[in-house]
Amino acid sequence: MDELVIQKLGTVTDEEMVLNMGPQHPSTHGVIRFVVKADGEIMKVAVPVVGYLHRAIEKIGEIVTYPQFMPYTDRADYLAAMFANEGYALAVEKLMGLEVPVRGQYCRAISCELNRIASHLISVGTMGQDIGALTPFVHALREREKINDLIEELCGARLTYNYHRVGGVAFDIPDGWIDETRRFLDHFEKILDEYDRLLTWNEIYVKRLAGLGVIPAELAIDYGLVGPNLRASGVDWDLRRDAPYGCYRDFQFQVPVGKGWVGKIGDCFDRYYVRILEMRQSVAILRQAFDKLPPGEVLHPKVPKKIKPAAGEAWARVESARGEMGYYVVADGASEKAWRVRIRTGSFTAMGIIEPLSRGMMIADLVAFIASLDVVAPEIDR
Amino acid sequence: MALTAEQIHAAVSAKFGEAVGALAPPAKDPFFTVKADALLDVCRFLKTEPALAFDFLEDVTAVDHPKENLIRVVYHLWSYRLRHGIVVKVECDRASPKAPSVEPVWKTADWMEREVYDLFGVNFEGHPDLRRIMMPDDWVGHPLRKDYQEAGGYENISNVRDSSLVEYRRMDDAVREAAEKKAAEAAPPAPAAAPLAPTGTVH
């Protein structure tokens with residue numbers, strides 16, 4: 001069954017070798033496989049082979065009713081499940097013409113920004129680990145654990161949240177939770193400084209990543225990169241600011257853009273450092289959200305038990321931790337089940353750029369490159 | 001300057017006339033349908049025309065409509081520069097769906113069209129590397145079609161079974177029987193039993 005992949009490698013000369021990397025490999029962030037043709041340490045090409053985690057989530061979306069699909073969206077990206085929840089909820093709300101109560105919108109933003117920090121922590125930690133720095137991973141996971149605790153208190157789950165609902169969120173913020181989260185944010189900002197000392201400006205780390213895997217802005221757009229990967233290439237675009245959804249209009253925040261801090265704009269280091277800066281912005285957004293949090297309902301009181309939108313189709317997108325996540329939901333108007341649910345994810349398009357950029361790269365750098373793109377296997381394969 | 005869907009549609013139909021269908025009633029997201037032959041030219045125009053400048057192909061997907069005997073391929077476009085979006089659709093015959101590949105216009109279409117090919121069976125003509133992406137290369141059928149029937153198994157592993165334990169036992173038995181059969185065939189005829197060496201009686 002590998003013939004087509006091997007054909008893609010072309011002729012293999014005596015000096016070249018074909019290496020198989022994955023699907024089980026500690027540094028490929030899940031079950032992803034690469035077939036690498038290399039001459040010594042230099043790759044001629046790395047062909048990604050995906051699909052090992054394909055669970056037919058889009059097909060499931062046609063089989064279950066609208067509210068029943070919400071827990072499945074968690075599994076589309078289990079490191080940033082809040083965004084997957086929100087994107088789907090937004091698409092169905094758009095179909096129904098439903099407005100979410102303002103407090104519900106704030107709960108969504110708060111849960112999403114916490115989730116963004118948690119997801120970026122994994123990205124930053126594993127990036128260090130992938131290129132040989134084991135300690136920062138433990139430091140990153142320690143903070144993520146605290147966020148998991150907070151989110152657990154908020155919605156009862158630590159990974160697959162199923163927190164957002166069509167029309168709002170499932171639960172209001174519990175008593176004392178905001179104070180606890182504020183304390184965590186105060187502590188976390190100091191920890192971010194610590195990451196900078198421990199990892200970011202570490203000379204070995206900087207030299208390892210500077211100028212590696214450079215993606216110019218035009219190429220990034222052409223290959224459909226989104227989110228931090230796109231911004232690291234110098235494209236100043238963030239859905240939260242430029243096409244705001246929910247309550248993001250209410251917040252003031254910066255959008256970090258790659259500047260070529262140590263090498264070129266759009267190299268692996270830029271993609272790493274943009275995430276560190278984004279965590280600081282998420283902290284700022286969270287503080288503003290706590291200050292402005294209005295009273296009221298968190299779930300629209302008139303969401304019907306049986307959701308049956310009129311025939312039509314809706315496209316909704318959110319700025320996930322891995323960039324734009326789009327939901328395309330088609331309703332046939334006669335059924336409680338969607339006719340089609342499509343999930344557009346950032347990891348899928350990010351995988352598409354690996355093959356063209358792998359030519360001439362060192363094998364060891366492939367691992368750093370994949371880590372910098374922050375691809376997550378379930379989001380690629382769905 | 002960001003254009004409305006009506007303005008975008010007017011610009012495209014002024015250029016391509018008959019090949020561009022009417023703008024759908026402004027339900028949720030406005031879209032228009034393009035004839036398959038003209039798709040590549042329309043897409044090039046959408047990307048290169050300075051007033052449109054659709055530099056970002058957000059998504060390519062398809063929707064199956066067995067009643068109309070159609071598969072509609074759906075393109076979501078966005079312009080970073082001008083901050084407007086539009087949805088373009090192409091209708092394909094279900095029996096042999098095909099559409100021109102837009103990979104020459106936007107590179108990201110490479111993987112997205114592979115996914116549509118894999119899950120819907122739409123042949124994208126001119127695609128440089130059209131092969132399955134989610135399913136294995138030797139998979140039969142296109143799972144996101146509405147009339148898709150599971151083949152009942154893959155690589156001799158059935159997916160219809162009483163319980164997984166029963167199935168594992170059956171697989172174990174099959175492996176053991178095959179091994180025994182092979183051993184029986186390969187083993188040389190048993191040598192005549194050698195007389196036992198005398199052993200001392202131990203009490």
Side-chain angles (χ1 to χ4, degrees), chain A residues 1-5 7-8 47-54 56 58-59 62 91 94-95 97 217-219 221-226 230 235-237 242-243 309-317 324 326-332 339-340 342-344 348-349 351-353 355-356 380-382, chain B residues 24-31 47 54-65 67 72 74 76 78-81 83-87 89 103 105-112 114-116 118-120 128-139 143-146 148 150 154-155:
Chain A
M1 76 178 249
D2 266 355
E3 287 107 19
L4 293 178
V5 180
Q7 267 175 30
K8 207 160 155 43
V47 181
V49 183
V50 302
Y52 292 92
L53 260 172
H54 183 58
E58 293 176 10
K59 186 86 177 174
E62 300 172 6
K94 195 169 170 185
L95 275 175
E218 299 243 314
L219 200 68
I221 294 174
D222 207 16
Y223 274 92
L225 293 196
V226 286
L230 181 73
V235 181
D236 190 8
W237 174 264
D242 299 319
E313 53 183 65
W315 167 252
R317 46 191 192 163
E324 178 181 320
Y327 275 82
Y328 177 59
V329 181
V330 181
D332 61 357
W339 183 255
R340 172 93 173 92
R342 154 79 179 162
I343 314 174
R344 181 255 193 258
F348 182 78
T349 45
M351 282 299 283
I353 204 171
E355 189 188 314
I380 302 167
D381 297 342
R382 283 157 281 127
Chain B
K28 307 287 184 255
D29 294 308
F31 67 86
K47 187 183 179 183
F54 284 102
D55 44 6
F56 178 32
L57 177 64
E58 282 185 288
D59 194 21
V60 179
T61 188
V63 185
D64 189 10
H65 298 281
K67 274 187 196 152
R72 289 199 174 89
V74 186
H76 284 89
W78 182 257
S79 169
Y80 280 125
R81 205 178 316 148
R83 305 193 172 184
H84 56 211
I86 192 74
V87 184
K89 293 189 182 184
E103 192 267 351
V105 188
W106 299 283
K107 286 278 180 234
T108 183
D110 181 347
W111 274 46
M112 288 175 169
R114 274 179 69 191
E115 191 180 346
V116 175
D118 186 358
L119 303 179
F120 287 91
D129 183 27
L130 199 62
R131 56 196 166 91
R132 286 183 184 269
I133 189 164
M134 294 298 169
M135 314 306 282
D137 290 340
D138 54 355
W139 195 262
L144 274 180
R145 287 212 188 180
K146 291 285 178 186
Y148 173 73
E150 283 184 67
Y154 174 67
E155 301 263 316

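In what follows, chains are A, B, ... by sequence order, proteins preceding strands, each numbered from 1. If you're wondering where the values come from, they're calculated on a predicted model, not measured in any experiment.
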Enquirer: Under 4.5 Å from any heavy atom of chain A, what part of B/E115 do you find: side chain, backbone, both or neither?
Expert: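 Just its side chain gets close to chain A.
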Enquirer: Rounded to the nearest 0.5 Å, what's the gap from CZ on A/R342 to OG1 on B/T61? Could you check?
Expert: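 Here the interatomic distance stands at 4.5 Å.
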Enquirer: For B/W106 and A/I221, indicate whether the former's side chain and the latter's backbone hold a donor-acceptor pair under 3.5 Å.
Expert: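 Not at all, since once roles are kept as given, no pair shorter than 3.5 Å links the two residues.
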Enquirer: Measure A/V47 against the heavy atoms of chain B and call it side chain, backbone, both or neither at under 4.5 Å.
Expert: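 The side chain, not the backbone.
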Enquirer: A/L225 versus chain B, heavy atoms under 4.5 Å apart: side chain, backbone, both or neither?
Expert: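 Contact with chain B: backbone only.
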Enquirer: What part of A/E218 is in contact with chain B, defined as an atom under 4.5 angstrom from a non-hydrogen atom: side chain, backbone, both or neither?
Expert: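 For A/E218, there is no contact with chain B at all, as no heavy atom is under 4.5 Å.
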Enquirer: Between chain A and each of B/V74, B/V87, B/D110, B/L57, count heavy-atom pairs under 4.5 Å; write down the option with the most.
Expert: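 Looking at each of B/V74, B/V87, B/D110, B/L57 in turn, B/V74 comes out on top.
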Enquirer: Most heavy-atom pairs under 4.5 angstrom with chain A, which of B/R131, B/M112, B/R83?
Expert: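 Looking at each of B/R131, B/M112, B/R83 in turn, B/R83 comes out on top.
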Enquirer: Measure the acute angle between the ring planes of B/W111 and A/F348, then classify it against the limits of 30° and 60° as parallel, tilted or perpendicular.
Expert: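 It falls in the perpendicular class, over 60°.
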Enquirer: Heavy-atom distance under 4.5 Å to chain B: side chain of A/V50, backbone, both or neither?
Expert: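 Both parts, backbone and side chain.
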Enquirer: Which word best sums up how the rings of A/W315 and B/H76 line up, parallel for under 30°, tilted for 30 to 60°, or perpendicular for over 60°?
Expert: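 Ring orientation, 0 to 90° scale: parallel.
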Enquirer: Between A/V226 and B/F56, is the side-chain contact (heavy atoms from CB on, under 4.5 Å) condition met? List the steps.
Expert: CA-CA 10 Å; A/V226 286; B/F56 178 32; 3.7 Å; yes
Enquirer: Under a 4.5 Å cut-off applied to non-hydrogen side-chain atoms, are B/K47 and A/D222 in contact?
Expert: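 Yes. Closest side-chain heavy atoms under 4.5 Å.
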Enquirer: Contact part of A/L230 toward chain B, heavy-atom cut-off under 4.5 Å: side chain, backbone, both or neither?
Expert: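 Looking at A/L230, just its side chain touches chain B.
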Enquirer: Is it the backbone or the side chain of B/R145 that comes under 4.5 Å from a heavy atom of chain A, or both, or neither?
Expert: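 Contact with chain A is through the backbone of B/R145 alone.
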Enquirer: Please look at B/D129 and chain A and tell me whether the side chain, the backbone, both or neither of the residue comes under 4.5 angstrom of a heavy atom of that chain.
Expert: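 B/D129 touches chain A through side-chain heavy atoms alone.
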Enquirer: Step by step, would you call A/Y328 with B/V63 a side-chain contact (heavy atoms from CB on, under 4.5 Å)?
Expert: CA-CA 10 Å; A/Y328 177 59; B/V63 185; 3.9 Å; yes
Enquirer: Any heavy-atom pair between the side chains of B/D118 and A/H54 that's under 4.5 Å?
Expert: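 A side-chain contact under 4.5 Å is absent here.
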Enquirer: Mind checking side chain to side chain donor-acceptor pair (under 3.5 Å) for B/Y148 and listing every partner two or more places apart, or none if nothing turns up?
Expert: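 If we apply the side chain to side chain donor-acceptor pair (under 3.5 Å) test to B/Y148, skipping adjacent residues, the hits are B/W139.
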Enquirer: Specify which of B/K107, B/R114, B/M135 makes the most heavy-atom pairs with chain A at under 4.5 Å.
Expert: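 Counting heavy-atom pairs under 4.5 Å, the top option is B/K107.
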Enquirer: Sequence neighbours left out, what passes side chain to side chain donor-acceptor pair (under 3.5 Å) with B/K89? Give chain and number order.
Expert: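 Counting only residues at least two positions away or on another chain, B/K89 forms a side chain to side chain donor-acceptor pair (under 3.5 Å) with A/E313.
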Enquirer: Do the side chain of A/R340 and the main chain of B/A62 share a donor and acceptor less than 3.5 angstrom apart?
Expert: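 Answer holds: yes.
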Enquirer: Which one of A/R317, A/E324, A/M351, A/R382 has the most heavy-atom pairs closer than 4.5 Å to chain B?
Expert: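 When all of A/R317, A/E324, A/M351, A/R382 are compared, A/R317 has the most.
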